[in-house]
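Atoms within each ligand, like the ligands themselves, are counted from 1 in listed order. Below, each value reflects all heavy atoms present in this structure, side chains not excepted, and no hydrogens, waters or symmetry copies.
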Amino acid sequence: MPRRKLTSQRKLEHLQIVAHEPIESVSRFGDVELLHRALPEVNRREIRLETPFLGKTLRVPLMIVSMTGGHPATRRVNRRLGEAAEKVGMGIGVGSQRAALEDPHLVETYRVVREAAPTTFVYGNIGVPQLRKYGVEGVRRIVEMVEADALAIHLNFLQEAVQPEGDLDARGCLGMVRQVCRGLRVPVLVKETGAGISREVALQLRGAGVAALDVGGLGGTNFALVEALRAHRRRDRLQEHLGRVFADWGIPTPLSILECQGLGLPVVATGGIRSGLDVAKSIALGATAASAGLPFIKAAMTSTRMVEETAQTMVEELRTAMFLTGSRRPRDLRRAPLLLTGRTREMAEQRGLWDPRRARAPRGTR
Ligand SMILES: Cc1cc2nc3c(=O)[nH]c(=O)nc-3n(C[C@H](O)[C@H](O)[C@H](O)COP(=O)(O)O)c2cc1C
């Protein structure tokens, strides 16, 4: 099969697998607790959620993360995601646009998102391994294709390492990210796809000129498992084995937020965000906004309305968490007492990223 057909076919296979198979890993947000405030002194109706992000304002600090496009059957799903994002005022990313660079007939499957979401924050997407092939010029076409407000470059070497057609030459990627940051007129966001970003890498990316980081941490959709299932279908024992052994590989989302925050770049929390409470915890840990994939794509297989309801439920959960912590604005969550337990606390302490004062009762009251 020619490469462009393979890419497009893989997009469809991913959608079918995530819709029907158990491909989620455990979320670590259970290790994060916001302290209840019995006297919140806030009127819930006056809680405001507007969040500035990369030059635009999100009506709510929530986005539909980069997922699809690239096969004719994905057009309808992307249209529904775009319509719901516009209605709710969320940001929205399209999936990797490599398929449209390989086959221009597929441009429509991405452009439909901008058509359905003319005013909200829309971001394009390409994998870091593809930057070498398409260069800054290719990336400009990607941005124009969806009139993007920003470009997401995704890092997915875990997935590349466990899939048979994977790109395993990871040399020169940082330099390419730097070139793209210099050569584009829109901001560049770098995102992981399920294995998280460490502080070391966050610092490298900041040095290269990226405008924001999406942690794409471990938890939620797990591409090692997705690839293991694809390998199982092909009876490829070795690839299936690799996918299963590395299914727990990566930096859990709450830890990756701690790794990336405090560097002067906005941080997006992604990977296993399943409720507005997870969004609240992410913001309390240092994120500017959060994004989710699987809950939205599953809803989009039914209708725009289902996507909208999924998002509105998360927004109401976020408002409730804000009310119960006495937070009028998302940024107030950063001051709420926060407790970290279990594995996440152990890992954060070993990394020197957890300040226990965040959990302490006020001085002089103990
Ligand atoms: C069907 C599907 C396709 C995806 N395709 C892409 C992609 O093309 N580019 C990308 O950066 N991430 C892609 N992702 C990863 C998501 O952006 C996100 O990191 C991941 O789904 C974790 O979020 P979740 O647990 O809320 O689903 C995809 C996810 C899903 C479910």
Side-chain angles (χ1 to χ4, degrees), residues 7-8 10-29 62-71 73-74 77-78 81 90-102 106 109-110 113 123-131 142 146 148 150-160 163 188-197 213-227 229-230 250-254 256 268-276 278-279 282 289-301 307 310-311 314:
T7 306
S8 179
R10 191 168 59 238
K11 296 288 139 190
L12 193 62
E13 271 183 64
H14 282 160
L15 262 192
Q16 288 163 346
I17 289 176
V18 303
H20 303 294
E21 308 276 356
I23 46 77
E24 287 196 74
S25 42
V26 180
S27 154
R28 289 274 160 215
F29 279 100
L62 184 62
M63 296 195 273
I64 298 178
V65 75
S66 322
M67 280 183 292
T68 201
H71 186 283
T74 62
V77 171
N78 254 350
L81 292 172
M90 303 180 275
I92 176 167
V94 297
S96 167
Q97 291 163 265
R98 170 190 185 175
L101 290 177
E102 290 172 0
L106 296 170
T109 64
Y110 300 93
V113 171
Y123 56 106
N125 187 287
I126 190 78
V128 77
Q130 278 82 58
L131 294 182
I142 279 179
V146 293
L151 173 77
I153 298 175
H154 71 254
L155 314 178
N156 66 337
F157 284 109
L158 168 59
Q159 187 187 2
E160 299 286 350
Q163 77 182 21
V188 172
L189 176 157
V190 170
K191 73 182 284 290
E192 241 289 351
T193 47
I197 297 179
L213 300 168
D214 177 335
V215 304
L218 173 62
T221 303
N222 183 316
F223 268 96
L225 281 180
V226 172
E227 292 303 338
L229 286 166
R230 281 181 70 223
I251 306 169
T253 304
S256 192
V268 181
T270 307
I273 299 288
R274 295 294 175 264
S275 71
D278 293 341
V279 177
S282 298
S291 66
L294 201 59
F296 291 128
I297 201 118
K298 283 190 173 169
M301 287 176 189
V307 184
T310 305
M314 286 171 87

Looking only at protein heavy atoms, which one is nearest to [atom], and how far off is it?
atom                    : answer
atom 23 (O) of ligand 1 : Thr270 CG2, 3.7 Å
atom 27 (O) of ligand 1 : Thr221 OG1, 2.5 Å
atom 6 (C) of ligand 1  : Ser66 O, 3.5 Å
atom 1 (C) of ligand 1  : Val18 CG2, 3.9 Å
atom 12 (N) of ligand 1 : Lys191 NZ, 3.1 Å
atom 4 (C) of ligand 1  : Met67 O, 3.4 Å

Of all the atoms in ligand 1, which lie at a distance below 4.0 Å from a heavy atom belonging to [X]?
X      : answer
Gly95  : 8 (O)
Ala292 : 26 (O)
Ser96  : 7 (C), 8 (O), 9 (N)
His154 : 9 (N), 10 (C), 11 (O)
Arg274 : 24 (P), 25 (O), 26 (O), 27 (O)

Hey, does Thr193 sit under 4.0 Å from ligand 1 if you only count heavy atoms?
->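 For ligand 1, residue contact (heavy atoms, under 4.0 Å) with Thr193 is present.
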
Spacing of [atom1] belonging to [X] relative to [atom2] belonging to [Y], to within rounding of 0.5 Å:
X      : Y      : atom1 : atom2 : answer
Ile126 : Arg98  : CD1   : CZ    : 7.5 Å
Leu81  : Met67  : CG    : CE    : 5.5 Å
Glu192 : Ser256 : CD    : OG    : 8.0 Å
His14  : Gln159 : NE2   : CD    : 5.0 Å

Is any side-chain heavy atom of [X] closer than 4.5 Å to a side-chain heavy atom of [Y]?
X      : Y     : result
Lys191 : Ser66 : yes
Ile273 : Phe29 : yes
Leu294 : Ile23 : yes
Met301 : Leu15 : yes

Between [X] and ligand 1, which part of the residue brings a heavy atom under 4.0 Å of the ligand: side chain, backbone, both or neither?
X      : value
Asn125 : side chain
Glu24  : neither
Leu294 : both

Contact check: Gly272 vs ligand 1, nitrogen or oxygen atoms, below 3.5 angstrom =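 For ligand 1, there is an N or O atom that lies under 3.5 Å from one belonging to Gly272.
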
Ligand 1 to Gly293 polar contact by distance, N or O atoms, under 3.5 Å |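 Checking ligand 1 against Gly293, an N or O pair does fall under 3.5 Å apart.
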
So, does Asn78 use its side chain to make a donor-acceptor pair with the main chain of Thr109 at under 3.5 Å?
->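 Here the side-chain-to-backbone pair exists.
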
Under 3.5 Å, side chain of Tyr123 to main-chain N/O of Val188, donor-acceptor pair present?
->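 A pair under 3.5 Å: no.
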
Can Arg230 and Glu227 be counted as an ion pair, charged N to O under 4.0 angstrom?
->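 A salt bridge is present here (some side-chain N lies under 4.0 Å from a carboxylate O).
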
